[in-house]
Amino acid sequence: MADGSDPIVVGDEGNRTEGTEDSASKPTLGDKKVKLFLKATGDAPIMTKNVYTLDRFKQVAFVLGFLHKALKCNSEESIFLYVNQSFSPSPDVDIGTLYDCFGADGKLVLHYCKTQAWG
């Protein structure tokens, strides 16, 4: 616009007010917790609680260990974990990294099952 009142301002840090109610309610990449939604797939038993808040620096191996305990699996039983019904993440990947790349609506959806379902 010719009068200098451009409606879209990119990188204008001076107009943000820190500590307001609006800025506190919006999730940012700097948050230390990730909302995790665990969804049963195939023959896996459905857990009564399926939404958890997890430290973003925890790894997928931690979630797999938690699922083994929560589902009362034997040591020889396997748990398969999938991100967005498409791929199985490596056990050493941080949950925060998965959330940053594949999270939607403020949560990361992970599907779990006892037999291989996808990929």
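For clarity, every value in this text was computed on a predicted model and none was experimentally measured.
We find the NZ-NZ distance between Lys58 and Lys33 to be 8.5 Å, quoted to the nearest 0.5 Å. Atom CG of Leu110 sits about 11.5 Å away from atom CD of Gln85, to the nearest 0.5 Å. Phe87 contributes atom CZ, which lies 10.0 Å from atom CG of Leu81 (distance to the nearest 0.5 angstrom). Note: Lys32 NZ to Leu54 CG = 15.0 Å, rounded to the nearest 0.5 Å. Taken to the nearest 0.5 Å, the CG atom of Asn50 stands 7.5 Å off from the OH atom of Tyr52. Taking CD1 of Ile79 as the reference point, atom NZ of Lys69 lies at 13.5 Å (rounded to 0.5 Å).
If you run side chain to side chain contact (heavy atoms under 4.5 Å, CB included) between Tyr99 and each of Asp94, Leu36, Val34, Val83, only Val34 comes through.
Nearest heavy-atom pair, Gly106 versus Lys35, reported as atom, atom and distance to 0.1 Å: O-CB, 3.6 Å. In this structure, Lys72 and Glu77 approach most closely via the heavy-atom pair O-OE1, 4.5 Å. The shortest heavy-atom contact between Pro45 and Ala40 is O-CB, 3.9 Å. Nearest heavy atom pair, residue Asp55 against residue Ile95, reads O-CB, 4.5 Å.
Using a 4.5 Å heavy-atom cutoff, the side chains of Leu38 and Phe66 are in contact.
When the ring pair (Phe, Tyr, Trp, His ring centres under 6.0 Å) test is applied to Phe57, no partner is found at least two apart in sequence or on another chain.
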task = Check the pair Met47 / Leu71 against side chain to side chain contact (heavy atoms under 4.5 Å, CB included), numbers first and verdict last.
result = CA-CA 8 Å; Met47 298 184 348; Leu71 300 177; 3.7 Å; yes
Open item on the list: Walk me through whether Lys114 and Cys73 qualify under side chain to side chain contact (heavy atoms under 4.5 Å, CB included).
Closed with: CA-CA 9 Å; Lys114 289 189 173 185; Cys73 295; 3.8 Å; yes
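A donor-acceptor contact shorter than 3.5 Å is absent between the side chain of Thr41 and the backbone of Cys113.
Asn84 and Ser86 form no side-chain donor-acceptor contact under 3.5 Å, judged by distance and modelled atom types alone.
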